[in-house]
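Reading through the structure tokens given below for one structure.
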Amino acid sequence: MDVLLLHWPPADFRIEGSLTLLEQAHKRGMARNIGVSNYTVQMMRDATKIIETPLVTNQIEFHPLLNQDVMLAAAAETGIPLSSYCSVARGEVFKHPIFAEIGAGYGKTAAQVVLRWILQKGVSINTMSTKPENIAANFDVMDFTLSSVDMTRIERMTHMNYRIVSKDIVPWAPDFD
């Protein structure tokens with residue numbers, strides 16, 4: 001398998017055991033790469049001390065309605081790249097006309113603008129859709145670059161701190177940074 005990803009940290013947040021098993025799977029050739037999901041800043045720091053095998057990602061909720069600057073800084077500090085899930089905030093971004101307005105200037109959809117913003121933030125994207133036209137559109141984000149002005153306009157939306165995955169929905173979720 002290409003990437004073996006732990007979807008959640010253990011409920012007790014003691015990550016050493018699961019990381020050690022993840023690394024063993026890698027060393028035994030069961031996974032070419034290993035990664036984690038929903039790790040906090042401290043968990044990222046601890047992971048770099050617990051195992052030697054580099055983690056290829058920490059998959060987190062990442063979209064322009066949630067400020068993830070702390071996680072971006074932790075990614076730079078630890079060398080663990082981020083990847084996004086809930087990239088369009090389960091459709092919440094479409095309630096804000098700014099994304100469609102910006103998209104009109106590039107001949108792109110609101111969703112394509114959001115995905116491009118995430119990529120320009122240095123985060124890989126994990127998208128999903130059941131509609132073939134949306135799947136195709138999700139791949140059509142590499143032929144334009146958002147201007148610094150548009151990046152800043154979108155960045156201002158992160159102050160909303162709209163989080164989808166929280167303890168209300170997932171009781172075993174960590175206290176996110």
Side-chain angles (χ1 to χ4, degrees), residues 2-11 13 15 18 22 33-44 47 55-76 78 80-103 106 108-142 144 146 150-177:
D2 193 34
V3 178
L4 180 59
L5 182 70
L6 291 178
H7 190 65
W8 284 100
F13 307 120
I15 61 173
S18 57
L22 191 64
N33 298 287
I34 56 175
V36 295
S37 188
N38 298 302
Y39 267 40
T40 64
V41 170
Q42 191 58 53
M43 288 177 195
M44 291 171 71
L55 295 171
V56 297
T57 194
N58 179 16
Q59 182 178 283
I60 64 170
E61 180 177 344
F62 198 100
H63 51 76
L65 304 180
L66 177 63
N67 188 318
Q68 289 286 34
D69 288 346
V70 171
M71 295 302 293
L72 285 166
T78 63
I80 302 172
L82 299 179
S83 60
S84 74
Y85 67 79
C86 293
S87 301
V88 294
R90 293 199 176 144
E92 187 69 20
V93 296
F94 304 127
K95 295 178 182 176
H96 303 276
I98 185 173
F99 303 109
E101 290 169 10
I102 291 172
Y106 296 91
K108 297 293 181 180
T109 67
Q112 289 170 317
V113 166
V114 168
L115 297 178
R116 186 67 206 173
W117 176 83
I118 293 169
L119 288 172
Q120 284 183 226
K121 295 288 286 179
V123 176
S124 64
I125 49 179
N126 298 310
T127 61
M128 60 184 224
S129 179
T130 58
K131 299 177 181 172
E133 62 273 13
N134 290 347
I135 294 169
N138 288 344
F139 284 101
D140 191 22
V141 297
M142 300 307 289
F144 74 109
L146 295 168
D150 288 334
M151 288 293 288
T152 300
R153 288 179 66 201
I154 295 168
E155 191 72 27
R156 289 186 192 124
M157 299 299 291
T158 66
H159 80 281
M160 298 179 73
N161 279 319
Y162 177 81
R163 185 177 288 281
I164 294 166
V165 178
S166 66
K167 285 190 179 289
D168 297 342
I169 296 171
V170 183
W172 59 86
D175 291 325
F176 293 114
D177 299 291

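- The side-chain heavy atoms of Pro9 and Val36, taken from C-beta on, include no pair separated by under 4.5 Å.
- Side-chain atoms of Glu61 come within 3.5 Å of backbone atoms of Ile164 as a donor-acceptor pair (strictly under, hydrogens ignored).
- The distance from the CG atom of Leu119 to the OG atom of Ser84 is 8.0 Å, given to the nearest 0.5 Å.
- For the pair Ile80 and Ala75, the tightest heavy-atom approach, listed with the atom from each and the gap, is O-CB, 3.2 Å.
- Gly35 approaches Leu55 most closely through the heavy-atom pair CA-CD2, 4.0 Å.
- The line from CG of Asn58 to OH of Tyr39 is 8.5 Å long, rounded to the nearest 0.5 Å.
- Between Val123 and Leu72, the closest side-chain pair of non-hydrogen atoms falls below 4.5 Å.
- Between the NZ atom of Lys121 and the CG atom of Asp69 there is a distance of 5.0 Å, given to the nearest 0.5 Å.
- Gln120 places a side-chain N or O within 3.5 Å of a backbone atom of Leu146 that can act as its donor or acceptor partner.
- Side-chain contact between Phe139 and Thr127 is absent, with no heavy atoms from C-beta onward closer than 4.5 Å.
- The shortest distance between side-chain heavy atoms of Asn38 and Gln59 does not fall below 4.5 Å.
- Residues Met157 and Phe99 approach most closely at CG-CZ, 4.1 Å, considering heavy atoms.
- Arg116 and Phe144 make their closest contact through NE-O, 3.0 Å (heavy atoms, listed as atom of the first residue, atom of the second, distance).
- The shortest side-chain heavy-atom distance between Asp150 and Tyr106 falls under the 4.5 Å cut-off.
- Ring geometry for His7 versus Tyr85: interplanar angle of 30 to 60°, hence tilted.
- We find the CZ-CD1 distance between Arg163 and Ile169 to be 10.5 Å, quoted to the nearest 0.5 Å.
- In this structure, the side chains of Val170 and Trp8 come closer than 4.5 Å at one or more pairs of heavy atoms.
- Side-chain atoms of His96 and Met160, non-hydrogen and from C-beta on, do get closer than 4.5 Å to each other.
- For the pair Val3 and Val56, the tightest heavy-atom approach, listed with the atom from each and the gap, is CG1-CG2, 4.2 Å.
- Interatomic distance, CD of Gln68 versus CG of Asn161, reported as 8.5 Å (0.5 Å rounding).
- With hydrogens and angles ignored, the 3.5 Å screen pairs a side-chain donor or acceptor of Asn33 with a backbone N or O of Asp2.
- In this structure, His63 NE2 and Leu115 CG are separated by 12.5 Å, a value rounded to the nearest 0.5 Å.
- In plain terms, the two heavy atoms of Phe62 and Ile118 that are nearest each other are O-CD1, 3.6 Å.
- The closest side-chain heavy-atom distance from Met43 to Asp177 is not below 4.5 Å.
- Take Asp140 and apply the salt bridge (charged side-chain N to carboxylate O under 4.0 Å, His left out) test, not counting sequence neighbours, and it matches Lys108.
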